[in-house]
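Here the structure comes first, spelled out in structure tokens, and everything after it is commentary.
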Amino acid sequence: MQALGIDIGGSGIKGAPVDVHKGKLLAKRVRIATPNPPTAKKVTQAVNEIVQYFNWESKIGVGFPGIVRDGHILTAANMHESWVHVNAEQLFTQRTQCACTLINDADAAGLAEMHHGAGKGHKGKVILLTFGTGIGSALFLDGKLVSNTEFGHLQLRGKIAEARASDRARSEEKLSWKSWGKRVAEYLAHLELLFSPDLFIIGGGASKNFDLFKKSLKRIHAEIVPALHGNSAGIVGAAMAASGA
Ligand code: BGC
């Protein structure tokens with residue numbers, strides 16, 4: 001079964017057709033820079049461009065960086081306020097003429113990693129975190145997704161965690177991998193205190209550099225592994241959500 005997966009991010013909108021049973025991209029992914037400002041109108045246009053690029057005519061899954069409930073967007077911290085309360089599932093379906101399923105971007109990445117990646121076969125509590133423009137989170141209990149957890153918005157030293165420990169914070173503050181890693185460790189320790197997960201999966205743009213900061217992740221009891229699908233997890237998982245796989 002195939003579906004087109006699209007991942008809307010703070011800096012890029014990426015998409016590719018996916019074999020949802022194998023969890024593999026069927027073509028090289030396409031990336032469009034996220035419009036500035038990322039209004040509902042402009043982003044919808046970019047989503048449609050990706051659909052047109054692949055001449056896609058069947059199901060599409062779209063990952064969005066905000067709380068998603070019943071196809072509606074409830075928050076859009078790193079996007080534009082024009083998204084809030086929008087029925088984006090309906091908007092994308094109408095614009096692209098392809099049946100759309102909407103899911104939180106980190107939940108999508110989590111689905112991909114739990115079924116086809118670093119979390120495959122893991123029971124117990126697993127937390128996947130995506131470190132990019134923000135921090136996304138996906139919580140799994142015995143393989144089942146608990147959606148819209150938004151752990152990136154927990155407070156850390158009086159600041160929202162993603163403002164302190166996202167990959168954007170690392171590059172904007174020109175932090176070394178070591179000092180950024182210490183911030184991530186502090187964040188993981190906080191999550192560990194609250195949830196005692198068995199496994200953390202580190203995803204998002206930073207996952208490919210896991211070896212550069214893993215030594216800083218000290219005093220965490222849970223196992224910590226990098227995501228296997230890197231930045232493509234969001235595309236694969238969005239397509240999985242669309243197919244119901
Ligand atoms: C959003 C989350 C999203 C994360 C990563 C946060 O700012 O609130 O919904 O998963 O960024 O994109």
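Both ligands and their constituent atoms are indexed starting at 1 by order of listing. Side chains are part of it too, since the values below use all heavy atoms of this structure and drop only hydrogens, waters and symmetry mates.
Nearest approach of Asn104 to Ser137, heavy atoms of both residues: OD1-O, 4.3 Å.
Taking atom 2 (C) of ligand 1 as the reference point, the nearest protein heavy-atom neighbour is Glu150 OE2, 3.2 Å. Protein heavy atom closest to atom 11 (O) of ligand 1, with residue, atom name and distance, is Glu162 OE1, 3.6 Å.
For the 3.5 Å distance criterion, the side chains of Asn78 and Arg168 qualify, holding a donor opposite an acceptor.
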(request) Kindly determine whether Phe210 and Trp177 satisfy ring-ring contact (aromatic ring centres under 6.0 Å, His included), including the steps that lead there. (result) CA-CA 9 Å; Phe210 184 70; Trp177 286 104; over 10 Å; no
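Contact of the Ile13 side chain with the Asp7 side chain is not registered, since no non-hydrogen atoms from C-beta on lie closer than 4.5 Å. Between Pro35 and Val43, some side-chain heavy-atom pair lies under the 4.5 Å cut-off.
Here's the thing with Thr75: none of its N/O atoms is less than 3.5 angstrom from an N/O atom of ligand 1. Inclusion of Asp105 in the set of residues having an N or O under 3.5 Å from an N or O of ligand 1 is warranted. Annotation: Gly66 places an N or O atom under 3.5 Å from an N or O atom of ligand 1; distance criterion only. Note: no N/O pair closer than 3.5 Å links Ser137 and ligand 1 by distance alone.
The existence of a salt bridge linking Glu173 and Arg183 is confirmed by a sub-4.0 Å separation between a basic side-chain nitrogen and an acidic carboxylate oxygen.
The distance from ligand 1 to the heavy atoms of Gly136 drops below 4.0 Å at these ligand atoms: 4 (C), 5 (C), 10 (O). Near Ala77, meaning under 4.0 Å from one of its heavy atoms, ligand 1 places the atoms 7 (O).
Using a 4.0 Å heavy-atom cutoff, Gly152 is absent from the residues neighbouring ligand 1. Residue contacts with ligand 1 include Ile135, since one of its heavy atoms falls under 4.0 Å from the ligand. Within the 4.0 Å heavy-atom shell around ligand 1 one finds Asn78.
In this structure, the ring of Phe151 has its center no less than 6.0 angstrom from the ring center of Tyr187.
For Pro65, heavy-atom contacts with ligand 1 shorter than 4.0 Å involve the backbone as well as the side chain.
Applying side chain to side chain contact (heavy atoms under 4.5 Å, CB included) to Glu113 and the options Leu228, Val126, Val225, Val236 leaves one that passes, Leu228.
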